[in-house]
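Labels below follow one simple rule: chain letters A, B, ... track the order of the sequence lines, proteins then strands, and each chain is numbered from 1.
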Amino acid sequence: MTTQPTTPDPAAATAPMVQIEGLHKLFGDLHVLRGVDLTVQPGAVSVILGPSGSGKSTLLRCINELEEIDAGSVEVAGERMGYREVTRRGRTRLHRLHPKVVARQRSRIGMVFQRFNLFPHRTALENVMEAPVQVRGDSRSTARARALELLDRVGLSDRADHYPAQLSGGQQQRVAIARALAMDPELMLFDEPTSALDPELVGEVLGVMQDLARSGMTMVVVTHEIGFAREVADQVVFMDEGVIVEQGAPEQVLVTPREQRTQDFLAHVL
Amino acid sequence: MSQTPTPETDPIPGRIHAVPVPRPGRWISAVVIGVLAAMAVNGLVTNDNYRWDVVGAYLFDTRVVQGVGWTLLLTFLAMAIAVLLAITLAIMRRSQNPVLRWTSWTYIWIFRGTPVYTQLVFWGLLSVLYPRLSVGVPFGPEFFSFDTADVITAFYAAVLGLALNEAAYLAEIVRAGLGSVDPGQSEAAKALGMSESKILRRVVLPQAMRVIVPPTGNETISLLKTTSLVLAVPFTLDLTFATNAIANRIFLPIPLLMVAAIWYLVITSILMVGQHYIERYYGKGFGSDGGTGRPGGGRRRAGRPSRQAAIRQSGTTTDDPFLDVTP
């Protein structure tokens with residue numbers, strides 16, 4: 001089962017999945033993102049590294065509109081997120097999109113959170129079924145069959161009827177991945193997916209993510225797992241103080257970093 | 001506690017069977033409270049002024065039982081309207097729309113800030129203030145009109161008065177409940193593409209109910225007894241009015257107060273049972289007992305909730321619900 005064709009058609013291969021240009025984000029007076037440009041190709045895995053407070057998570061949250069951006073543009077699969085340009089009497093202005101349209105844009109992007117954020121009042125199966133039934137309008141039987149398939153894919157078919165509180169952190173995060181995949185996203189965002197896990201549970205989540213990457217899913221991953229970046233990433237992005245300091249192939253950024261700030265960071269975490 | 005297994009069958013070698021710490025305080029308090037309770041019961045039973053024969057004679061009197069029925073009807077209708085109105089007000093309070101926020105705030109300010117007795121008198125006098133009500137275009141032509149007194153009868157005035165007052169209090173409870181749900185929940189739902197109204201109905205409200213139900217049970221019981229104020233409307237069929245009327249006729253106020261008190265106590269007890277089941281329903285996924293489950297704590301670690309339940313069950317550790325004990 002694939003959510004993304006492993007061999008994208010030639011036309012799509014040329015168009016980037018994510019295109020971010022001149023992105024600025026402020027929280028009040030706090031200038032968190034200071035002009036970020038980033039391109040993610042379809043089927044590629046981008047890993048964003050950086051010290052805490054460098055704006056990694058904010059960048060991720062700007063991609064699916066959880067944060068309203070202050071300047072620049074974010075395009076996903078060729079569609080501008082959150083705004084549309086309207087030209088009237090020779091003057092072009094940005095119009096905010098209706099919340100319903102924003103919701104539709106978001107439904108094409110899966111997101112996995114550091115704190116899992118599973119719905120505690122619903123079982124694992126119900127968590128995975130929720131969006132297909134409520135957002136896409138799938139029938140319960142279709143959604144159920146697909147949800148069981150996805151739970152099987154993350155190795156949790158025997159936990160379908162458990163409530164989140166009855167699952168370990170690693171199991172909860174795998175359910176959260178299945179829940180995001182249930183909407184057949186074109187892009188998956190991971191916001192420090194293993195940071196809240198006990199060390200012995202990190203591996204099972206990274207394993208599922210690695211399988212997903214192999215199936216051709218486009219992924220943007222914020223993480224501190226350098227090993228995952230080295231093995232799985234097509235592109236490593238190092239951020240500090242709201243800007244991208246350095247980006248490139250994992251061997252280049254992780255092994256022979258050009259920038260002093262990257263070298264300092266890697267010396268700290270490795 | 002369980003029977004002590006014989007040393008041969010006990011799988012735990014050298015299990016400790018210690019003599020417990022003596023707890024004389026328990027015995028002393030039991031004796032003191034027992035004596036006081038016996039004195040109170042004795043005082044109730046042997047004092048002829050209570051006239052238990054009159055209590056018995058009127059407990060199931062037709063007017064009293066009908067009064068119970070009207071009181072229940074008032075409580076449930078008023079509560080049903082109040083809950084719907086309160087959820088609406090709480091959502092308005094959280095709205096992006098400043099007009100709705102302000103409207104909700106003003107409503108709560110007025111209806112919580114004036115005595116319910118005053119409000120009930122006001123609704124009773126509505127037909128004097130506005131003898132005719134009409135439906136039509138504001139400041140324009142009217143389509144039809146009717147006498148206020150025909151539509152807003154004493155019963156409806158009483159229900160309306162109780163419901164509008166109660167809604168103001170409940171709105172604050174609902175607001176607190178909605179605020180108690182982890183923001184990560186709406187974020188996750190947003191990321192899945194759910195609309196604001198779906199997020200509220202499917203994700204936030206069901207979780208908020210855990211926080212909303214216990215104080216709402218409190219409010220229901222309080223409303224039950226507030227119905228005794230509907231004579232302000234005046235509505236004269238409820239339990240308190242019925243027992244007072246009988247008391248005034250036979251010049252025996254005490255036994256009829258007891259009749260009313262017994263009925264209120266019985267209804268309250270039934271409401272408490274109902275509340276228990278509602279709490280259990282909304283406690284789903286928050287530990288088996290619902291009430292004391294902790295949504296945040298149990299989430300992070302492997303298999304902790306059931307282990308934690310077993311640890312608490314054994315009663316050998318400090319009884320602090322916020323303490324995670326890891327043996």
Fill in the blank from the handout: Turns out that what part of Phe119(A) lies under 4.5 Å from chain B's heavy atoms comes down to both
Exercise for the section: Find the distance between CD (Gln134(A)) and CG (Leu192(B)) and round it off to the nearest 0.5 Å. Expected result: 11.0 Å
Exercise for the section: Any chance you could lay out the side chain to side chain contact (heavy atoms under 4.5 Å, CB included) test for His121(A) and Met209(B), step after step, and finish with the verdict? Expected result: CA-CA 11 Å; His121(A) 58 306; Met209(B) 288 306 277; over 6 Å; no
Fill in the blank from the handout: Bottom line for Lys190(B): the part with an atom under 4.5 Å from chain A's heavy atoms is both
Problem - Closest contact, heavy atoms only, Ala103(A) versus Met194(B) - result: CB-O, 4.4 Å
Completion exercise
Distance col, row Glu196(B):CD vs Lys100(A):NZ, nearest 0.5 angstrom, shows 11.0 Å
Fill in the blank from the handout: So, the part of Arg136(A) with a heavy atom under 4.5 Å from chain B: the answer is neither
Problem - Heavy-atom pair count under 4.5 Å with chain B, highest-scoring of Met111(A), Glu130(A), Arg104(A) - result: Glu130(A)
Practice task
Please confirm whether the backbone N or O of Ala191(B) pairs with a side-chain atom of Glu65(A), one donor and one acceptor, at under 3.5 Å?
Solution key: no
Exercise for the section: Step through the shown structure and confirm whether more than 12 heavy atoms of other residues, nucleotides or ligands are within 6.0 Å of CZ on Phe27(A). Expected result: yes
Problem - Nearest atoms (heavy-atom pairs only) where Ala165(A) meets Gly285(B) - result: CB-O, 3.7 Å
Exercise for the section: Please report the shortest heavy-atom distance between Arg202(B) and Arg122(A), naming the atom on each side. Expected result: O-NH2, 2.9 Å
Problem - Within 6.0 angstrom of Arg101(B) CZ, more than 12 heavy atoms from elsewhere - result: yes
Exercise for the section: Heavy-atom distances under 4.5 Å only: say whether Arg108(A) touches chain B with side chain, backbone, both or neither. Expected result: neither
Practice task
Answer with side chain, backbone, both or neither: which region of Gln173(A) has an atom nearer than 4.5 Å to a non-hydrogen atom of chain B?
Solution key: neither
Practice task
Please answer whether the main-chain N or O of Gly184(B) pairs with a side-chain N or O of Asn117(A) as donor and acceptor at a distance below 3.5 Å.
Solution key: yes
